Protein chains: 2
Amino acid sequence: MRSSDLPAVRALGLFRSMAEASFEDLVQAAYLQTFPAQLDLIAEGDPADFLYVVMEGCVELFAHANGRETTMAMVRPVNAFILAAVLKDAVYLMSARTAHKSRILLIPSENVREAFARDDAFARAIVVELANSYRTVVKEQKDLKLRTAVERLANRLLRYDAEQGAHGTVTLPHDKRTIASLIGMTPENLSRAFNTLKPYGVEVTGPTVTIADAAALAKLAQPNPLIDDETS
Amino acid sequence: MRSSDLPAVRALGLFRSMAEASFEDLVQAAYLQTFPAQLDLIAEGDPADFLYVVMEGCVELFAHANGRETTMAMVRPVNAFILAAVLKDAVYLMSARTAHKSRILLIPSENVREAFARDDAFARAIVVELANSYRTVVKEQKDLKLRTAVERLANRLLRYDAEQGAHGTVTLPHDKRTIASLIGMTPENLSRAFNTLKPYGVEVTGPTVTIADAAALAKLAQPNPLIDDETS
DNA sequence: CGTTGGATTGACCTCAGTCAATCAGGGTGG
DNA sequence: CCACCCTGATTGACTGAGGTCAATCCAACG
């Protein structure tokens, strides 16, 4: 792999504290590849052969059942995905495809499990990573079960605004169809949800959303740190 | 704590492989208490003071947002809950109350984190536990986003049947209102969903459900190992 | 017995999905 | 440079799943 990428990988919480030797082993065995947009990386049900780390670009995790498809998550650099399947030596629960052209690090799962078995610091870093992932999904489940589609959208907009500096001007990080699927609705319904939010000061122009009255939007959204905060 | 409970706790995947000394430390610090039914144990947002292990009875995990409440999970013996919050030294994301009279082991989270820091085997057992929990929630999210309420119920019945020996006679493990909330619907809608399943050979008498034609039910439910299988 | 809490039923309504048509923007090739 | 796609977004009309409210029923229990 390119040596200039090493620091970025090493800086990940997952790899930061592991022994240099273990890290070397992982990196030696890993492949760094660039994929075009819309390329299928893994399919749910496949055995977990690699741990994936998104270095550049963006990856969509999605799933199928009962003839439907839904977006489960969007993975941005620099982050790993499907760690749990790799550790359990199980099949992937989700499929993955590139959303844009992406540079991705593939670490053979056998090597990850070896490092996990040998390196105590790595094992503990994995605990932190998994605990965070777990809590993230629990929050998403609460979002899904306890909020209407409009409330979910409102909260999502407030979160994007916070992430982007709370200027009241948000750039949607993905296609609207993707965002719709991510928060559990159809593109048509997302469009209508944006209209529903217009009286609350939300204006949409292409991928740009302006929030004129964050307080009004928040009153509708009822943002909740136990659902919407990244950390905690 | 009662010495007769020790083997059951020790047999848990989470504690099985840890050093005897670490286990002793945890047990010494722990409290074993019996709580009546419908007693609130923890509230979401509270700091995680204890790791809980259900020894007997049953505990409901639930959550609030936007003026609504939903059941997140039912924890049966012998299982631990809210491990992630304890490890992160964060606040609970879910509330918990006893569903029935329950005997519960409370281990101070400080002691759990100490054991995690000191005992490498324990740290690795936690990884397995968290990976399983994570994958369980991901499956639940797929269930919620990809299936209708009737499909969720049908799959749930098939799962209960499999757990109870596949005799075609299922005893519902919880109140119908609880099951309704668990699978993301109202009690009224659950009642109607049962009626919808009648043409597929599902007969309900109180807490007993008979599945006359499992094949017909499965054709509707489209059970999927990547959602419905406990392990995997 | 009467009380109580869960379950069921009915009537109604609303949120959200479906289907189909239209529109806007961004390439591509003539 | 422009016509032509092609894709994603939007809009409208309709449908259907599922929530709400209220009344009733039923079994358990005092």
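Atom set for the values below is all heavy atoms of this structure, side chains included, hydrogens, waters and symmetry mates excluded. Bear in mind the structure is a predicted one, so any value in this text is a computation, not a measurement. Every chain is numbered from 1 and lettered A, B, ... according to where its sequence line falls, protein lines coming before strand lines.
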> Any Lys/Arg nitrogen of A/D228 or A/R147 sitting under 4.0 Å from an Asp/Glu carboxylate oxygen of the other?
Replying inline: yes
Show me, pair by pair, the donor-acceptor contacts under 3.5 angstrom made by side chains of residues 211-224 of chain A, not counting sequence neighbours?
| residue | atom | partner | partner atom | Å |
| --- | --- | --- | --- | --- |
| A/D213 | OD1 | A/A215 | N | 3.3 |
| A/D213 | OD1 | A/A216 | N | 3.1 |
| A/N224 | OD1 | A/L226 | N | 2.8 |

> Are the charged groups of B/R76 and B/E163 less than 4.0 angstrom apart, N to O?
Replying inline: no
> Does any N or O in the side chain of A/Y92 come within less than 3.5 Å of the main-chain N or O of A/D49, such that one atom is a donor and the other an acceptor?
Replying inline: yes
> Taking CD1 from A/I183 and C1' from C/dG17, how many angstroms apart are they, rounded to a whole number?
Replying inline: 15 Å
> Under 3.5 Å, is there a donor-acceptor pair between the side chain of B/S95 and the main chain of B/E44?
Replying inline: yes
> Taking protein heavy atoms under 4.0 Å as touching, what does nucleotides 16-30 of chain D look like 5' to 3' if B marks base contact, S marks sugar-phosphate-only contact and - marks none?
Replying inline: --SBBBB--------
>> Check this for me: does any side-chain nitrogen of one of B/E140 and A/K145 sit under 4.0 Å from a carboxylate oxygen of the other?
In response: no
Kindly give the atom pairs (protein nitrogen or oxygen, nucleotide nitrogen or oxygen) under 3.5 Å for nucleotides 7-9 of chain D.
| residue | atom | partner | partner atom | Å |
| --- | --- | --- | --- | --- |
| D/dA9 | OP1 | A/K176 | N | 2.7 |
| D/dA9 | OP2 | A/R177 | N | 3.1 |
| D/dA9 | O3' | A/K176 | NZ | 3.4 |

>> What I'd like to find out is whether the side chain of A/Y52 reaches to under 4.5 Å of the side chain of A/L106, using heavy atoms alone.
In response: yes
>> If I take atom CD in residue A/E69 and atom P in nucleotide C/dT18, what distance separates them, rounded to the nearest angstrom?
In response: 13 Å
> Can you tell me how far P of C/dC15 sits from CG of A/N195, to the nearest Å?
Replying inline: 15 Å
> Do B/N132 side-chain atoms and B/V128 backbone N/O form a donor-acceptor pair below 3.5 Å?
Replying inline: yes
